Amino acid sequence: MKTILIIEDSEQNLYLTRFILEQSGYRVLAAQDGPSGIESALKHRPTLILLDIQLPGMDGYQVATRLRGHAELRRTPIVAVTSYAMTGDRERVMEAGCTGYLEKPINPATFVRDVERYLAEAEAGPSRRVLVVDDVEPNREYLKTLLEADGWTVACADNGADALHDARQNPPVMVVSDILMPGMDGFSLCREWRRDPNLALIPFVFYTATYTDERDQAFGLSLGADAFLLKPMEPAALLQHLRAYASDARRDAVPSPAPPTEDAASLREYNAVLVRKLEDKMLQVESLNRELESRVRQRTLELENANSKLQAFGQVGTWTSRLEPTPQLHWSDETCRIFGIAPQDFDGHIETFFSLVHPDDLDGVRAAGREVWSGRRRLNIQHRILRPDASLQWVHQEAELVPAADGKPPQVVGVVREITETRLLEEQLRQSQKMEAIGRLAGGVAHDFNNVLTIITGHASFAATFTDLPPKVLDSLRHIESAAEMASTLTRQLLAFSRRQAPQLVATDLNRVVHDMTRMLTSIVGKEIHLYETLVPTLPPVLADPSMLEQVVMNLVVNARDAMPEGGQLHLATSVVHLDVAAATRLGCPGPGTYACVSVADTGCGIEPRNLPRIFEPFFTTKSEGLGTGLGLAVVYGIVEQHRGHITVQSRVSSGTTFTVYLPAS
C-alpha cells in the first residue's frame, strides 16, 4: 500500500484530504507543522508528500528545502497544496524542490487523479536533467537549446556556488561546466563535487574555451572530471560525447574516496593553471579594448558631425545664457520646438523664457537661476511651461556656469528636454503602488475564504454521492454546491483586484458582454436615466475574464447613476482604436497595437479637477458618509491593469464624465 504524508495546519482541511485519500485506498500520515512533518518523512519514507505552504513557524518553502537536504528524500515527490494563490508561487515552490503545485479549494475527483499522476511520474524515475554552468549567458543559452533539442531537461547556473546548491537540492544526471567564473570557479566546483557522496558518481564534464596547454587538461582530470572538452565543438560531436558521459557506468560504481587535502605542489599547480587562463583572458581584453578605443574615436567624430540631427532625434535642446555685455539667451532649434516657438520668432530675451514658465513654478525657476549664476550649484530642475498655444508641458533642465576665460564673459550652458510623458508614467507608477496596500488585504481575505470553501465544497460533494439520501437533502446539497461556486467566483474577482491570481482568460466578445448586461443595468439606473448603447459590429475579440469585465461595466454604470440623482443620459459604447507608439505612451496604454474599447459616458455633475488624480485610489470617495466605500473605481483599475489594458477619464464639472477602457485585441 502506498503511503502519503500530509503536512497541513488546518484540522478541517487535513480531515477532508485524509478522508479522500483513504477512500481511494492509500495509507495516510499527517503532521500539522514543518518540524513534525520532516520527522515523520524521515521515519516512514512516504511515497508522496502533500505540503501546505502557509504553515506556522516554518513555512512550506523552508520545509521543502529541508526535506530535499536529506539524501533519502531527494527523489520523494513533494506536491505543494495551497489556498493562497499569489503570482510567482508556482515558480517559488518549484525552486524550493517541490515536484508539483495544486490550488485549493480541491475537487475530490480531480484531486485523486492529480495525486495518481504524481505517483506515476515518480515511479517512472528521474528525467534526463543536465546542469549547465557558465558565467556567459549566450554560452548557457546555446548549450540549453542544443541539449533540449536532444531530449534533455536543462538547468543553468552562472557560477560554481549556485550550481552546487542546485545539484544538492535536485541532483542531475550530468554537469557541464566552464572553468573561469566569478565566486567559485570550475576547478573548485569539480573538487567539491567529488567530495560530496551524493554527487560523486555523477559525471562531470569541463567545456571551456580558455585552454592554454595540456597541463590544464591534466589538472582538470586529476580533480575527478570525466572529460575536458574544448570550445567550439561541432554540435553533433558534442552531443555524442555528452550522451556517452551521461551513460557512464561509474554512476553505479562504489564512490571513490574524496580527494586528499591539497598539498603545496597541488596548490601551486592550481594557481598556475588559473594564472595562465587569466593571462589569456587579459590578452583578449586588451585586444578588445584597443578595438573599442578605435570605435569610440570613430563614433565621437560621427557624433560631432551630427550634433543638430541628434538633438532633434533625441528631443534634447541646448541653450546658452550670458549677462555681459548685455543679457542674452540663445536657443537651439530643438529648444525652440520644445517651447513651442519658431526659431525666427524667438527674440533672445531672458524674460521671454520666464514668460513661458508656469506661474506656480516661476519663483523656483528664478531662484535656481540665481544659484547657478552665483556658481554655488549646478541647475537641475523640473518645471512646467505654458506654450503660446496654451498647452501645458513638463520640462527638465540642467545647466552649469562656465567662468570667464580668454577675454570671454562668463556664461551658463544648459540642456532641456520635454518630460511630459515621463511624468505621466511616474503618476501611473505611484497609482500602482497605492493599490498594493489594498491588494495585500484582499489577498489575505481570499486565503481565509478559500480555506472555508475547501471544507464546504468537499463535504457537500462527498455527501451528494450517497444516493439513499432524501430528495430534499440532496436538493439542499446542490444548493450548497451552487452557492460555493458563486463564492469561488467572488474569490477569483477579489484575487484579480489584488493582482495575486491571474484571471480566467478566454476569447471574449466585448459587444456581447455590454449587450447582455443592458437589461439588468436599465433596472439598476432607474426610470429617470435614459440608458442606450452603441456597438461597433467589427469589434475584435479580447482575451479576458467575462465575469471581471461585467464587474468593470457594473461599477462604472453605478458611479454614473450616482452622478445623476435627478436623471440624465447614460451612453454605453464600444469602439476600435489603432495606436502607434506615441499615442499609446500618451494615453498610458502598455504598447502600440489594436485595442477594443468600451466607454461609459454620463451627463451628470462631473468631477472636480482637484479630485481627478485621486479617483482610482483605494478608499477615496467624494460621496457623503455611508453612501460609498471608495473601492468601486479602485476595483475597476485593478481589473483593467490585470488584463494588460488601461482606463482613462474625461470630465467637466456640470457637463458629465466619460470613462474609456482600452483592452488589447487578441
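Keep in mind it's a predicted model, so treat the numbers as computed, not measured.
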A.B. asks: Would you call Pro590 and Tyr595 a side-chain contact if the rule is heavy atoms closer than 4.5 Å?
C.D. replies: yes
A.B. asks: Counting N and O atoms only, with roles assigned by atom type, does the side chain of Asn451 sit under 3.5 Å from a partner on the main chain of Ser10, one being a donor and the other an acceptor?
C.D. replies: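 Such a contact is absent between Asn451 side chain and Ser10 backbone.
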A.B. asks: Looking at Ser461 and Gly458, would you say the former's side chain and the latter's main chain have a donor-acceptor pair under 3.5 Å?
C.D. replies: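 Here the side-chain-to-backbone pair does not exist.
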A.B. asks: Using modelled atom types only, decide if a donor and an acceptor are shared between the side chain of Ser651 and the backbone of Gly606 within a distance under 3.5 Å.
C.D. replies: no
A.B. asks: Report yes or no: does Asn511 contribute a side-chain atom to a donor-acceptor pair with the main-chain N or O of Leu535 at less than 3.5 Å?
C.D. replies: no
A.B. asks: I would like to know whether Leu521 and Leu531 meet side chain to side chain contact (heavy atoms under 4.5 Å, CB included); could you show each step before the answer?
C.D. replies: CA-CA 8 Å; Leu521 295 173; Leu531 186 148; 4.0 Å; yes
A.B. asks: Can you give me the closest heavy-atom contact between Val542 and Pro664, atom names plus distance?
C.D. replies: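 The pair with the smallest heavy-atom distance is CG1-O, 3.7 Å.
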A.B. asks: Does any part of the side chain of Leu67, heavy atoms only, come nearer than 4.5 Å to the side chain of Val63, both counted from C-beta?
C.D. replies: yes
A.B. asks: Heavy atoms only: give me the nearest Leu55-Gly34 pair and the separation to one decimal.
C.D. replies: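 So the two residues come closest at CD1-N, 4.4 Å.
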A.B. asks: Is a donor on one side and an acceptor on the other found under 3.5 Å between the side chain of Arg644 and the backbone of Cys589?
C.D. replies: no
A.B. asks: Working to the nearest 0.5 Å, report the span between CG of Leu663 and OG of Ser666.
C.D. replies: 10.5 Å
A.B. asks: Around atom OH of Tyr15, are there more than 12 heavy atoms of other residues, nucleotides or ligands at under 6.0 Å?
C.D. replies: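 No, the 6.0 Å shell around OH holds no more than 12 heavy atoms from other groups.
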A.B. asks: Test side chain to side chain contact (heavy atoms under 4.5 Å, CB included) on Val661 and Leu556 and set out the steps.
C.D. replies: CA-CA 10 Å; Val661 175; Leu556 293 177; 4.2 Å; yes
A.B. asks: Mind listing the closest non-hydrogen atom pair of Arg68 and Thr76 along with its distance?
C.D. replies: NH1-O, 2.7 Å
A.B. asks: Test side chain to side chain donor-acceptor pair (under 3.5 Å) on Thr603 and Gln569 and set out the steps.
C.D. replies: CA-CA 6 Å; Thr603 58; Gln569 304 285 325; over 6 Å; no
A.B. asks: Apply the test side chain to side chain contact (heavy atoms under 4.5 Å, CB included) to residues Glu116 and Tyr26: give CA-CA distance (whole Å), side-chain angles for both, the deciding distance (0.1 Å), then the verdict.
C.D. replies: CA-CA 11 Å; Glu116 291 173 346; Tyr26 294 103; 3.2 Å; yes
A.B. asks: Please check this pair: side chain of His643 against backbone of Gly645, looking for a donor-acceptor N/O pair closer than 3.5 Å.
C.D. replies: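 No, because the side chain of His643 does not come within donor-acceptor range (under 3.5 Å) of the backbone of Gly645.
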A.B. asks: Do NZ/NE/NH1/NH2 and the carboxylate oxygens of Asp114 and Arg117 come within less than 4.0 Å?
C.D. replies: yes
A.B. asks: Is the backbone N or O of Val28 less than 3.5 Å from a side-chain atom of Arg18, with the two atoms forming a donor-acceptor pair by type?
C.D. replies: yes
A.B. asks: Please test Tyr662 against Val577 for side chain to side chain contact (heavy atoms under 4.5 Å, CB included), starting from the C-alpha separation and ending with a verdict.
C.D. replies: CA-CA 9 Å; Tyr662 294 79; Val577 296; 3.8 Å; yes
A.B. asks: Does a side-chain heavy-atom distance below 4.5 Å link Thr534 with Leu572?
C.D. replies: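 The answer is no, as the side chains (C-beta and beyond) never meet within the 4.5 Å cut-off.
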A.B. asks: Is there side-chain contact between Val576 and Thr594, with at least one heavy-atom pair below 4.5 Å?
C.D. replies: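 Counting from C-beta outward, Val576 and Thr594 do come under 4.5 Å.
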A.B. asks: With heavy-atom distances below 4.5 Å as the criterion, would you say the side chains of Arg384 and Gln393 are in contact?
C.D. replies: no
A.B. asks: Is the backbone of Gln504 close enough, under 3.5 Å, to the side chain of Asp545 for a donor and an acceptor to pair up by distance?
C.D. replies: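 Side chain of Asp545 to backbone of Gln504, a donor-acceptor pair under 3.5 Å: yes, one is there.
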A.B. asks: Does the side chain of Phe659 reach to within under 4.5 Å of the side chain of Leu633, using non-hydrogen atoms?
C.D. replies: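 In contact.
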A.B. asks: Quiz question: by atom type and distance under 3.5 Å, do the side chains of Glu533 and Thr518 form a donor-acceptor pair?
C.D. replies: yes
A.B. asks: Under 6.0 Å from the CZ atom of Arg387, do we count more than 12 heavy atoms belonging to anything else shown?
C.D. replies: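 Atom CZ in Arg387 is packed in, count exceeds 12.
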A.B. asks: Without swapping roles, check the side chain of Asp52 against the backbone of Ile7 for a donor-acceptor pair under 3.5 Å.
C.D. replies: no
A.B. asks: Has the side chain of Ser476 got a donor or acceptor atom that lies under 3.5 Å from a matching backbone atom of Lys472?
C.D. replies: yes
A.B. asks: Fit a plane to each ring of His571 and Tyr532, take the angle between them on a 0 to 90° scale, and name the class: parallel (under 30°), tilted (30 to 60°) or perpendicular (over 60°).
C.D. replies: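 Correct class here is parallel.
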A.B. asks: Looking only at heavy atoms, which two atoms of Ala560 and Leu570 are closest? And how far apart?
C.D. replies: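 Residues Ala560 and Leu570, closest heavy atoms: CB-CD1, 3.5 Å.
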A.B. asks: May I ask you to check whether Thr658 and Gln650 show a side-chain donor-acceptor distance below 3.5 Å?
C.D. replies: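 Side chains of Thr658 and Gln650: no pair found under 3.5 Å.
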A.B. asks: Supply the atom-to-atom distance Thr420 OG1 to Trp394 CH2, rounded to the nearest 0.5 angstrom.
C.D. replies: 9.0 Å
A.B. asks: Would a 4.5 Å heavy-atom cut-off, applied to side chains only, mark Asp475 and His479 as touching?
C.D. replies: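 They are in contact (side-chain heavy atoms under 4.5 Å apart), so the answer is yes.
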A.B. asks: So do Ile4 and Lys2 actually touch side chain to side chain, heavy atoms under 4.5 Å?
C.D. replies: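 A side-chain contact under 4.5 Å is absent here.
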A.B. asks: Is atom NE2 of His515 surrounded by more than 12 heavy atoms (other residues, nucleotides or ligands) closer than 6.0 Å?
C.D. replies: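 Check fails, neighbour count at 12 or below.
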